[in-house]
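Letters A, B, ... mirror the listed sequences (proteins, then strands); counts begin at 1.
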There are 2 protein chains.
Amino acid sequence: MAVLAILEAKPMTGYELAKFFDHSIAHIWQASHSQIYPELKKLEREGLIEAKQQARGNLATKSVYAVMPAGGDELERWANQVVPPLHERSPELLKVMYQEWASYQVAEQQFEAHRVYYLQLYVKWAAHAEDLRLGNTDLMRHRLKDASAEASAAVLAYKVHVYEGLLERAQMEIDWATKGIALVERLLAEAGTPPGHRAASPSSARRR
Amino acid sequence: MAVLAILEAKPMTGYELAKFFDHSIAHIWQASHSQIYPELKKLEREGLIEAKQQARGNLATKSVYAVMPAGGDELERWANQVVPPLHERSPELLKVMYQEWASYQVAEQQFEAHRVYYLQLYVKWAAHAEDLRLGNTDLMRHRLKDASAEASAAVLAYKVHVYEGLLERAQMEIDWATKGIALVERLLAEAGTPPGHRAASPSSARRR
DNA sequence: CTACGCATGTAACTAGTTACATGATTCA
DNA sequence: TGAATCATGTAACTAGTTACATGCGTAG
């Protein structure tokens, strides 16, 4: 569905799609080229998209895929079904849950990595949200060029809303990680390490 | 690793593990019995856990799995590696991104489902966090019964921190969905429907 | 004696990752 | 002429889901 939705805005080659999944939409949905190429073939077999051969250079050609009417119908059908939100699996939260097995140092590093990760995402997402608002993205220009003002408003508004949610999420994650670091510091202090003495991990108390 | 961590707190049968994955840990990690049983066999082959046959009734037996020393080492090794946080795929956000293809009604239902989902999670998580804090869970009692006060503090503190994060997350999602509903209402109003006239989906403007 | 919970599996399938491969084009 | 980028694939593998199956124990 992500492939269909993107191609609907602008016909593309598999390569361009892969690039696109790498930046713009990357943090909502990802796909590698090894997944995209077979998927394109499948969508073509189902009559939802169509490949047009385009020359590149003298010898080579490339396949530019565009959405067919049946593909538009499929998109609309999909969009009009409510999906139940679901619980993601989080390898990271799982680890934090059992962080008493780790040294204080590693526990702190884990939170720090979390903080840095979402700080970077915050910046990236904020920039992308701004581009969206200004209609600055390639795809938005294509998507909106022959839409009514009213329709454009909706197209934009939903996407901006998604990014606002992502930004709040990032902020929340940053706060959580910061509190996590403080927690580790507190535990470390409470462990009552005498000066000049390196604290052992709490898990080592368990072993013996 | 989830299986190892749980079994370390208390030896269990595959069935009990499956139950456990259904409630307590369910929103951090899930696993169905059809995944658990083969996994237990695999962990046993690797020497990380060991099955003890226990009678149940007269004829039947059951396998209770317990963590072996090698399993403890493996847990410690795992916990002491920082995992890079990662970008989940979100089918729901993907749909909201392209919600201009849906009717206003479905768009609103999607946000409403999101709100209700996280409201329920909020209640469930809050209850579980409270149980954790009071040491009210079965597993916590086992886990802590022969630990030092200091070690217990860490065991508890990390888990509580995870649940506090989940609660903030749920709150954030509820707010986001509520704003989403308001957004749909606004778009609907701006679409300028005359009284007594049913609004078409914005996507239908695109088609033709 | 019946229903519900305990207990344990397998099979078929879908999705996704990582690695292996290849070749043309374009720009410095 | 070499490196970066465009372009397109396949193979092997891991994880996870859904559905199919079976049978004992226990309480009412």
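Under a 4.0 Å N-O distance rule, the pair Arg115(B)/Glu112(B) qualifies as a salt bridge. Contact check on Glu92(A) versus Lys95(A) returns no salt bridge, with no Lys/Arg side-chain nitrogen under 4.0 Å from an Asp/Glu carboxylate oxygen.
Each of Arg89(B) and Ser34(B) has a nearest nucleotide on DNA chain C; the 5'-most of these lies closest to Ser34(B).
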Short heteroatom pairs, N/O only, protein and nucleotides 20-24 of chain C, under 3.5 Å:
| unit_1 | atom_1 | unit_2 | atom_2 | d |
| --- | --- | --- | --- | --- |
| dG23(C) | N2 | Arg56(A) | NH2 | 3.2 |

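Applying the 4.0 Å criterion to OP1 and OP2 of dC24(D), one finds that Lys62(B) has every side-chain N and O outside that range. For Tyr15(B) and dT8(C), the shortest distance from a side-chain N or O to OP1 or OP2 is not below 4.0 Å. The phosphate of dT8(C) has OP1 or OP2 within less than 4.0 Å of a side-chain N or O from Tyr37(B). The phosphate of dG9(C) (OP1 or OP2) has a side-chain N or O of Lys41(B) nearer than 4.0 angstrom.
Aromatic ring centroids of His33(A) and Tyr15(A) lie 6.0 Å or more apart.
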### Worked verdict on Phe111(A) versus Trp176(A) for ring-ring contact (aromatic ring centres under 6.0 Å, His included)
CA-CA 8 Å; Phe111(A) 285 125; Trp176(A) 179 76; 5.4 Å; yes
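Neither side chain, Asn80(B) nor Glu76(B), offers a donor N or O lying under 3.5 Å from an acceptor on the other. In this model, a donor atom of one side chain and an acceptor atom of the other lie less than 3.5 Å apart for Gln53(B) and Ser63(B).
The distance from atom CE of Met1(B) to atom P of dG16(D) is 13 Å, rounded to the nearest whole Å. In this entry the distance linking CG of Leu86(A) with C1' of dT17(D) reads 12 Å, nearest Å. Distance Trp29(B) CH2 to dG16(D) C1': 10 Å, rounded to the nearest Å. A straight line from CG of Asp22(A) to P of dT5(D) spans 13 Å, rounded to a whole angstrom. Taking atom CD of Gln35(B) as the reference point, atom P of dT17(D) lies 6 Å away to the nearest angstrom. Distance, Glu39(B) CD to dT14(D) C1': 11 Å, rounded to whole Å. If you measure from atom NZ of Lys19(A) to atom C1' of dA4(D), you get 11 Å, rounded to the nearest angstrom. Atom C1' of nucleotide dA15(D) and atom CD of Glu88(A) are separated by 17 Å, given to the nearest angstrom.
Annotation for Lys10(B): atom NZ counts as buried by contact number, over 12 foreign heavy atoms lying within 6.0 Å.
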